[in-house]
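Quick notes on the structure that follows.
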Amino acid sequence: MISEKTQKKIESIASKLPQRAAAMLSALRLIQDEIGHVPPEEREWLAGKLGVSPAAVEAVLSFYTLFRREPEGKYTIWVCSTLPCALRGCELLMDHLRHALGIREGETSPDRRITLKRAECLGGCDRAPVVQVGEDYHDVLLDLSLGTAKVSFERVEALLEKLT
Amino acid sequence: MSEPILLANIGEPDSQTLEKYRSSGGYEGLRRAISDMSPADVVEEVKKSGLRGRGGAGFPTGVKWGFVPKDSSKPRYFICNADESEPGTFKDRLLMEQDPHAVLEGIIIGSYAIGAREAFLYIRGEFADSYRAMAAAIDEAKHASLLGMKILGSSYSLEIHLFRGAGAYICGEETGLMESIEGKRGHPRLKPPFPAAVGLFGCPTNINNVETVANVPLILRKGAPWYAEIGCERNTGPKLYCLSGHVKRPGVYEAPLGVRLHDLIYEHAGGMWRQGLKLKAVIPGGSSTPVLRADESDIDMDFDSVAKAGSLLGSAGVIVMDETACMVDSLLNILKFYAHESCGQCTPCREGCNWLVKIVRSIEDGKGKSADIDLVENVAGNIMGKTICPLGDAVAMPAQSFVRKFRHEFEEHVRLKGCPLKGAH
Ligand SMILES: Cc1cc2nc3c(=O)[nH]c(=O)nc-3n(C[C@H](O)[C@H](O)[C@H](O)COP(=O)(O)O)c2cc1C
Ligand code: SF4
Ligand code: FES
C-alpha cells in the first residue's frame, strides 16, 4: 500500500477540487511515482477515496498511455516515431536501440533495467529524433555530419550508460 | 526579421523569474485590468485587438469570452489548454518553460474578464519542465499578491489548479480535456451545448490555448490599437511558428501573422537540411492540415491566406519535406498516429482510421492496387464531417490531400510494387 504521506497528498488534492473525482489523474500519477505502476489494491483504494466505482478507475487507467497497470523496467525509453521524427531518422535509432538492448519494442530487458517503447509526437520535434527517458528529453542521437543520417553510437552508448 | 514581442524575454537569463518578468513590464497589464477596467472593458479591449485563438481554429478570443453568461448562478471556469500534442507543434512548451509568468498573467486577466474564481491549467503529461516552471511561477505570483485572495488589493480573487495529462492526444480537444479534468477518459462531448454554457463540471467555461493567453498581457499593457497594427487585416498580432522536418534549423520562430512561408523555411530555419536537395512538400499547420506541394507553398501564413490556399494555419506546426521523403510512407505515419489516438466513440472515425492505415500500408508495401488509391479518398470522405469531434476531419484531410496532390507517387508504388524511396536517407 502507498505511504501515508502520499495518501495525505491525494486527500489534500481531492478536497480542494470542485469534485473529488477530479483528483483521479493526479492520484494515479502519485501512486505510480511511488510504486512504479498502479496495482489492483491501490485501484480499489482510490475508487473508495474518490467516491467512484472501481470500474471507473480501470477505465481511466487503460485509456492513458502513461499509466502502467503492470511493473516495467526501471527506465522506459520512449522513442518518438511521429512524422517530424520519422523524417529525421527515428527508425534508424529504433533499430539501433533494439539491437543494443537485445529486446523488441514493448519488451523489458532481462535485468529489468530498460523497457523500450514507441512514443507519439513528444512535442519536441525541434530536437528530432527525440527520445524521452523518465522526465528528460534527449536529442542529437543522430549524426548528420557526413551528410546522411547515421546513428551516433557514442551518444546512444553514453545515454544507456547513464541508465543504471 | 522584426523584433520579437512574444519571445522578447526568452533566451534572457532568469527569464522564468517574477523579478525578470516584472522588470520588462510584466503584470502591468493585470494591474491595469484590475484597477482601471471592468471585466466587460477587458473583453472589449481584447475584441478590439483582433486576437484570434492560437490553438488551431483561430476563433476571435474576445468574442469567445463574451459568450460566457454573466448572470449564471453557477461558478464560471477558465481553462488554459496546454496539452500541445498535434504532431509538429512545440511552441506552448517553450512559452511555459521560459516565460511562465506571461502565460500565468494571461490566465489571470482572462479569468477576471469572464468572472471566474477558479482556473485550470492542463499541461500535457510528458512536459515535466513546463509543469515545474508553471508551478514555480504560481508560487511566486501568490506571494506577490498577483494570485490568490484579493489580487493586488482588489476584491477579485482567483485560485489556479494545475493538472497534468497522462498521454492522450484527444485530451487536447476542449471537451475531451474537460472530461479528463473531471477524472474520466478523454471522450469528446457532443456539441451543443457549448462549453460557454455547459462546460467543466456542467458550469459555464472558457478555454484558450497557451499562446493565446500569452498574447493577452501585451494587449492590456500596450493597448488594443498597438496590437492591431501587428500582422495583417483580420489576422493581427505576433505568431509562433514551429519548423520541423527537413530544415537546417528546426525550432520555434516568431513573426507577425502573414509572414511568407518561404521566409520561415529558407531564412528563419535556414533552408533544407542537406545541401542540394529540393523542397517537395509542406504541411503548414500540424499533421492534421492538408499538405501543400512545393509549387503552391510560397504563401502568407495567416488564418485566412492559408485557408485560401487550400489548407489551414492550425497550430502553425510547419512540417517540411524534401525530395527524399516518400509521400505514401509519410501519410501512413500520420494515419497511424490518428488511428492510435481515436477515442473510439464514433464508428466512422474508429473504423475509418484503421481502414485507412491498412490500405495505405498495403500501397507502401507494394501490395496495393490502383483502385485502392481511390478507396483512400472514398473512406476519408466518409469520415469527414460525420463525427462527434474534429479528429475525424484531422485524419480525413491529410488522407485526401496527400492522394490528390501526390497521386503519381501512389500510382508509382502500385506500378513498381514497392516504395522507390525506401532507404533514401
Ligand atoms: C483532436 C483535437 C486536438 C486538439 N489539441 C489541442 C491542443 O493540444 N492544444 C490546444 O490548445 N488546442 C487543441 N485543440 C483545439 C481545442 O479544442 C480548442 O479549440 C482550443 O484550445 C481553443 O483555444 P483558442 O481559442 O485559444 O485557440 C484540439 C482540437 C482537436 C479537435
Ligand atoms: S471523431 Fe474520433 S476521436 Fe473524436 S469523438 Fe469520434 S471517435 Fe473520438
Ligand atoms: S515528432 Fe517526435 S517530438 Fe514531435
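Residue numbering restarts at 1 for every chain, and letters A, B, ... go by the order of the sequence lines.
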Within a radius of less than 6.0 Å around [atom1] of [X], do more than 12 heavy atoms belonging to other residues, nucleotides or ligands occur?
{"X": "A/His96", "atom1": "NE2", "result": "yes"}
{"X": "A/Glu44", "atom1": "CD", "result": "no"}
{"X": "A/Met1", "atom1": "CE", "result": "yes"}

Leading residue by heavy atom contact count with chain B [cutoff under 4.5 Å; candidates [options]]:
{"options": "A/Leu83, A/Val60, A/Leu17, A/Val52", "result": "A/Leu83"}
{"options": "A/Gln132, A/Gln19, A/Arg29", "result": "A/Arg29"}
{"options": "A/Glu91, A/Glu120, A/Lys16, A/Glu135", "result": "A/Glu120"}

Output, in order, the C-alpha distance, side-chain angles, deciding distance and verdict of side chain to side chain contact (heavy atoms under 4.5 Å, CB included) for B/Asp322 and B/Val320.
CA-CA 7 Å; B/Asp322 71 21; B/Val320 178; over 6 Å; no

If we define contacts as heavy-atom pairs under 4.5 Å, which of [options] has the most with chain A?
{"options": "B/Cys203, B/Gly245, B/Ala168", "answer": "B/Gly245"}
{"options": "B/Cys343, B/Gly88, B/Ala166", "answer": "B/Ala166"}
{"options": "B/Ser287, B/Gly251, B/Gly186", "answer": "B/Gly186"}
{"options": "B/Ala269, B/Gly344, B/Gly165", "answer": "B/Gly165"}
{"options": "B/Glu84, B/Lys336, B/Lys184, B/Met321", "answer": "B/Lys184"}

Which portion of [X] sits near chain A, non-hydrogen atoms under 4.5 angstrom:
{"X": "B/Tyr169", "answer": "neither"}
{"X": "B/Arg124", "answer": "side chain"}
{"X": "B/Glu118", "answer": "side chain"}
{"X": "B/Cys242", "answer": "neither"}
{"X": "B/Leu94", "answer": "neither"}

Neighbourhood of chain A inside residues 327-334 of chain B, taking heavy atoms under 4.5 Å as contact:
B/Ser330, B/Asn333, B/Ile334

Check A/Glu11 with A/Arg20, please: is the shortest side-chain N to carboxylate O separation under 4.0 Å?
yes

Do B/Leu277 and B/His246 come close enough that some side-chain heavy atom pair is under 4.5 Å?
no

A side-chain contact here means heavy atoms from C-beta on lying under 4.5 Å apart; do B/Leu243 and B/Pro250 qualify?
no

Using the ring centroid of each side chain, check whether B/Phe78 and B/Phe120 are separated by less than 6.0 Å.
no

For B/His268 together with B/Tyr241, are the ring centres under 6.0 Å from each other?
no

Tell me whether B/Arg164 forms a cation-pi arrangement with B/Tyr131, defined as NZ or CZ under 6.0 Å from the six-membered ring centre and within 45 degrees of its axis.
yes

Of the backbone (N, CA, C, O) and the side chain (C-beta and beyond), which part of A/Ala56 lies under 4.5 Å from a heavy atom of chain B, both, or neither?
neither

A/Leu122 versus chain B, the contacting section by heavy-atom distance below 4.5 Å:
both

Is there a side chain to side chain contact (heavy atoms under 4.5 Å, CB included) between B/Phe163 and B/Leu121? Walk through the geometry before answering.
CA-CA 6 Å; B/Phe163 267 75; B/Leu121 172 59; over 6 Å; no

Spacing of CE belonging to B/Met134 relative to CD1 belonging to B/Ile160, to within rounding of 0.5 Å
7.0 Å

Just say parallel, tilted or perpendicular for the rings of A/Phe67 and A/Tyr64, cut-offs at 30° and 60°.
perpendicular

